[in-house]
**Q** 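This is the structure I have questions about; it appears just below.
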Amino acid sequence: MGGDLDLDVLTVSSARAAVQERQTTAATLVENFYSKIEAKDRQAGQINAYLNLTRERAFEQAKQLDAIVDRGDPLPPLGGVPIAVKDVMVTRGIRTTAGSKILGNYVPAYDCTAIQRLEQAGAIILGKLNCDEFAMGSSNENSAWGPVRNPRDLSRVPGGSSGGSAASVAAGTAVAALGSDTGGSVRQPAAFCGVVGLMPTYGRVSRYGLIAFASSLDHIGPLTKSAKDAAIILRHLAGRDVMDTTSADVPVPDYEQEIGKPVRGLRIGVPKEYFPAEMDSEVRAAVESGLKLLAEAGCEIKTISLPHTRYAIPTYYVIATAEASSNLARYDGVRYGYRSPNARTLSEMYRRTRDEGFGAEVKRRIMLGTYALSAGYYDAYYLKAQKVRTLIAQDFLAAFKEVDSIVTPTTPTPAFKLGEKSDDPLAMYLADIFTVTASLAGIPGISIPCGNSKDGLPIGMQILGRHFEEATILRVAHAFEHARASAGR
Ligand code: GLN
């Protein structure tokens with residue numbers, strides 16, 4: 001039973017329906033996903049999205065769901081939906097590494113709220129997904145457990161830092177995944193792998209149990225095959241959590257219903273700063289043809305300006321590294337995680353633990369951040385960056401008086417080759433140029449596939465919205481998917 005279900009095309013609603021209508025059982029579905037993961041993900045040279053399979057937990061959940069169906073009761077809203085989560089979200093009793101050697105043996109004592117909420121809604125957690133170490137990176141090459149490969153072309157990166165999340169959805173080894181986005185880490189890998197990636201408004205989704213990178217920028221968000229799936233999952237993720245004081249007490253709409261509303265008359269801004277003369281011609285063409293489809297669907301397209309865009313990368317890399325240097329001070333080998341066996345004194349233990357436990361990129365960021373926060377440099381770098389951050393946010397607030405959403409490319413190029421940028425941190429940082437602005441402003445953004453390069457690599461279009469208006473960007477994304485499908489592109 002269930003052997004004839006095509007796992008590649010399963011969506012959140014079709015997976016639930018298949019279990020509810022007894023086309024398969026939840027347990028069989030889980031088994032089939034594990035076989036597919038074994039076949040496509042785990043061998044050398046394969047995708048390497050999964051770090052750890054949570055079999056026991058998955059089958060226990062499946063058993064409970066199958067019992068509900070056997071009783072003839074309706075499944076919960078995400079009942080039977082197999083998902084996977086980035087390894088920066090803690091899981092009780094299950095190793096959680098954040099892609100770092102320093103947390104190589106860390107077994108958390110509690111569950112991340114986002115995971116707990118999805119499980120309560122019936123989702124089945126298949127496993128923990130590879131990522132850049134502490135979510136620092138744009139290619140997934142900074143993982144202590146080896147890179148993830150792009151399912152669309154195994155010689156290319158899947159993007160980062162949620163590379164495992166995007167790759168698992170693209171490969172059909174999970175129906176949906178959770179990622180985290182600090183400067184683009186959900187949206188950029190979604191674009192590189194040809195899936196949908198949503199960064200909700202800052203505060204929309206609880207971060208309790210998310211291993212911190214930069215606390216004023218960190219978000220949890222879903223990666224899915226469609227805007228509708230993202231809408232369904234967001235509804236269950238979103239909302240106030242008493243365990244996270246930064247989570248917002250703002251009503252959560254029924255996004256699935258909201259996305260069905262027409263887009264005719266919506267005003268869409270196209271910021272000229274995101275289409276520089278020297279940009280990749282295939283990315284430009286794909287996003288421009290996407291805008292044309294939105295215009296045909298009745299949206300009003302307007303050119304706008306976000307004048308402080310060019311300061312976004314330096315601003316982000318000062319603030320994010322400053323916060324990271326402070327957040328990562330806790331990994332000292334004393335309470336949990338890796339401890340160097342090669343030390344004789346306490347200070348040597350700290351030093352060696354951090355030297356042996358952290359990878360090169362994480363060390364670079366700790367040093368940059370510590371410098372930006374140190375006496376004598378704080379005003380020149382950190383304080384200045386905070387002021388520019390406000391200017392960038394104000395650009396968006398002004399633009400959203402004229403338009404309802406903003407469309408840009410998600411990334412400057414399609415997925416690059418493994419190794420292509422790994423020795424050039426600046427080139428790597430520039431991969432985030434279109435995504436860090438929304439992160440700094442705290443507004444929501446979604447990346448959806450809008451075309452392919454001539455090499456068959458996916459290209460992503462980013463849709464940004466006002467604070468807490470995820471419903472609008474999901475609606476535009478959903479309408480766009482329909483327009484693209486009917487245009488046969
Ligand atoms: N690529 C960006 C960085 O390296 C963003 C990472 C993220 O969003 N977690 O910081």
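Just so we're clear, the structure is a prediction, and the values are computed from it rather than from any experiment. Position 1 is the first residue of the sequence; numbering continues from there. As the structure lists them, so they are numbered: ligands from 1, and atoms in each ligand from 1.
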**Q** Does ligand 1 have any N/O atom under 3.5 Å from a protein N/O, and what are those pairs and their distances?
**A**
residue  : atom   : partner : partner atom : Å
ligand 1 : 1 (N)  : G137    : O            : 2.9
ligand 1 : 1 (N)  : S138    : OG           : 2.8
ligand 1 : 1 (N)  : D432    : OD1          : 3.1
ligand 1 : 1 (N)  : D432    : OD2          : 3.0
ligand 1 : 4 (O)  : G137    : N            : 2.9
ligand 1 : 4 (O)  : Y317    : OH           : 3.4
ligand 1 : 4 (O)  : R365    : NH1          : 3.2
ligand 1 : 4 (O)  : R365    : NH2          : 2.8
ligand 1 : 8 (O)  : T182    : N            : 2.7
ligand 1 : 8 (O)  : G183    : N            : 2.6
ligand 1 : 8 (O)  : G184    : N            : 3.3
ligand 1 : 8 (O)  : S185    : N            : 3.0
ligand 1 : 8 (O)  : S185    : OG           : 2.7
ligand 1 : 9 (N)  : A135    : O            : 2.8
ligand 1 : 9 (N)  : S161    : OG           : 3.4
ligand 1 : 9 (N)  : T182    : OG1          : 3.4
ligand 1 : 9 (N)  : S185    : OG           : 2.7
ligand 1 : 10 (O) : Y316    : OH           : 2.7
ligand 1 : 10 (O) : R365    : NH1          : 2.8

**Q** Nearest 0.5 Å, please: how far is CG in N130 from OG1 in T97?
**A**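 Reported value, rounded in 0.5 Å steps: 7.5 Å.
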
**Q** For the backbone of A324 and the side chain of R365, can you confirm whether one donor and one acceptor N or O come within less than 3.5 Å of each other?
**A**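 No, because the side chain of R365 does not come within donor-acceptor range (under 3.5 Å) of the backbone of A324.
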
**Q** Around atom CZ of R310, are there more than 12 heavy atoms of other residues, nucleotides or ligands at under 6.0 Å?
**A**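 No, the 6.0 Å shell around CZ holds no more than 12 heavy atoms from other groups.
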
**Q** Do we get K363 above F358's six-membered ring, with its NZ or CZ under 6.0 Å from the centre and within 45° of the axis?
**A**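 No, K363 does not lie over the aromatic ring of F358.
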
**Q** Hey, does the side chain of Q462 reach the backbone of F434 with a donor-acceptor pair shorter than 3.5 angstrom?
**A** yes

**Q** Please tell me whether D404 and T472 have a donor and an acceptor in their side chains that are separated by less than 3.5 angstrom.
**A** no

